[in-house]
Amino acid sequence: MTLAGSESTTFITGELDSPLERPLSLVIVGAGARGAAYADLATKRPEVARVVAVADPRSRIREAFAAKHHIAPEYRFDDWRQLLARPRIADVAVVAVPDSDHLAAAIGLADLGYQLLLEKPMATTEADCEKIADAARRNGTALAICHVMRYTPYTAKLGQLLQEGAIGDIVSLQHLEPIGHYHFAHSFVRGNWRREDDSSPLLLAKSCHDIDWISHIVGRPVARVSSFGSLTHFRPEAAPEGATDRCITCPLRDTCAYSATTLYRDGLRNGGTKQYFTRVMTAGELTEEAVTTALTTGPYGRCVYHSDNDVPDHQVVNLEFDGGVTASFTLTAFTPLENRHTKIFGTRGQLTGDGRHLEVYDFRTETRTVHDTSVDGSSAAEGHAGGDEALINAYLDALHGGRPELIVSGIDASLASHRVVFAAERARHTGTVVQL
């Protein structure tokens, strides 16, 4: 990596061939849940990274973020586009803006010379993903997509077991993503990803992680794809008798499985996983007044049967890889909020995983061996089973330590798995098998 001139005005290039002798500087483009989480993880290593700028249109969130990370007033922006109108101010841009803004933000920042850590999905169309990849290539950008599942200790151990031949050669794979009933209601019925025209298809918004992960595990290109799915439950005709447009006025609010008043007030009062969703619906203000106001006037207070959502609430994807390996993937709203479940069927055994534990059944000995991949006993739902922190550490070490091989969700791999997602959506809409 080339360094010249003063530290304050010269930044790393895409030539990651030697260690850096100063901390990397980061600008957080979108200080919502994902941007804030990545910033917190990066700054756990102040000798490696520091956050120097933030762009977010929400003044309260932007100012709180800036205060936490000691960002100077002149480096607090209310629109990420302001970064495009001035010279580069950091080594890395962490892009966590809405999906529809990924194309313009990623290309504009790459053209200015920023290294890019880009939240998934890359973009909302296949053509736009290609454009981002082209921009990264022509600028020599160190681009990583936040496919955090590739980086978890669980995935690393799974890869090791497969490499060692624990179940022989993979023949087929079965994978379930149990989104969880209240998570789905929050994000995909009431929330930002409820409509394809405003965001992206459900498979892209939620499960490009899983399609990417399956491809990573099998380790071969996908040859053919089919897919089926629809919106079957969260529709007006499924509403129970007496349901009103808003939960706060609904006589069924204390008995409905999808009650917004129950979800968000439980998150406010009792904490836990639900508090994350409460924090999102109130833009971070955890008070009774803020929750009541959001339930009364905001999108998260709407009845799940009377929203304007149109994305499927269940979907299956079938994959055939080069060489004949097959995989089936199911995503569904109608589950508890729990870890993903995977079974891999090999020529010498079967491997079963739940995001933390890996059980190997050996055909010859008829024995079962269980591996616990959590070093601290945490669940796989926490920080994506360590994937968030492992992703950040790998990306920072790749740039700061001159070790580009640590980026395992780079341009080519991520673009390939996104193409599979778009092919699956074509298959679902046309009722055909799509050849890649």
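Along the sequence shown, the residues carry numbers beginning at 1.
- Checked options Leu358, Leu173, Asp210; the residue passing with Thr342 is Leu173 (criterion: side-chain contact (heavy atoms from CB on, under 4.5 Å)).
- When each of Phe188, Phe234, Tyr264, Phe334 is checked for a ring pair (Phe, Tyr, Trp, His ring centres under 6.0 Å) with Tyr258, only Phe234 meets the rule.
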| field | side-chain hydrogen bond (donor to acceptor under 3.5 Å, both in side chains) evaluation trace for Thr232 with Asp313 | value | CA-CA 7 Å; Thr232 60; Asp313 50 26; 3.2 Å; yes
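- Under the 3.5 Å distance criterion, with hydrogens and angles disregarded, no donor-acceptor pair is assigned to the side chains of Asp212 and Ser414.
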| task | List the steps and the verdict of side chain to side chain contact (heavy atoms under 4.5 Å, CB included) for Arg348 and Val360. | result | CA-CA 10 Å; Arg348 289 174 43 197; Val360 176; over 6 Å; no
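- Remark: the Arg426 side chain and the Ser227 side chain contain no N/O donor-acceptor pair separated by less than 3.5 Å.
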| said: Determine whether Asn318 and Ser328 satisfy the following criterion, side-chain hydrogen bond (donor to acceptor under 3.5 Å, both in side chains), listing intermediate values before the conclusion. | reply: CA-CA 5 Å; Asn318 298 307; Ser328 64; 5.1 Å; no
| query | How far apart are the C-alpha atoms of Leu118 and Ile132, what are their side-chain angles, what is the distance that settles it, and do they pass the side chain to side chain contact (heavy atoms under 4.5 Å, CB included) test? | reply | CA-CA 10 Å; Leu118 177 61; Ile132 290 174; 4.3 Å; yes
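- Tyr182 carries Lys274 over the face of its six-membered ring, with the cationic atom under 6.0 Å from the centre and within 45° of the normal.
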| query | Under the ring pair (Phe, Tyr, Trp, His ring centres under 6.0 Å) criterion, do His371 and His357 qualify, and how do the steps go? | reply | CA-CA 6 Å; His371 304 267; His357 300 96; over 10 Å; no
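- When the options Cys129, Cys146, Cys208 are evaluated for a side-chain contact (heavy atoms from CB on, under 4.5 Å) with Met122, the one that passes is Cys129.
- With hydrogens and angles left out, the side-chain atoms of Asp266 and Asn270 include a donor and acceptor closer than 3.5 Å.
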| request: Start with the C-alpha gap between Trp213 and His147, add the side-chain angles, then the distance that decides, and say whether side chain to side chain contact (heavy atoms under 4.5 Å, CB included) holds. | output: CA-CA 8 Å; Trp213 185 82; His147 283 309; over 6 Å; no
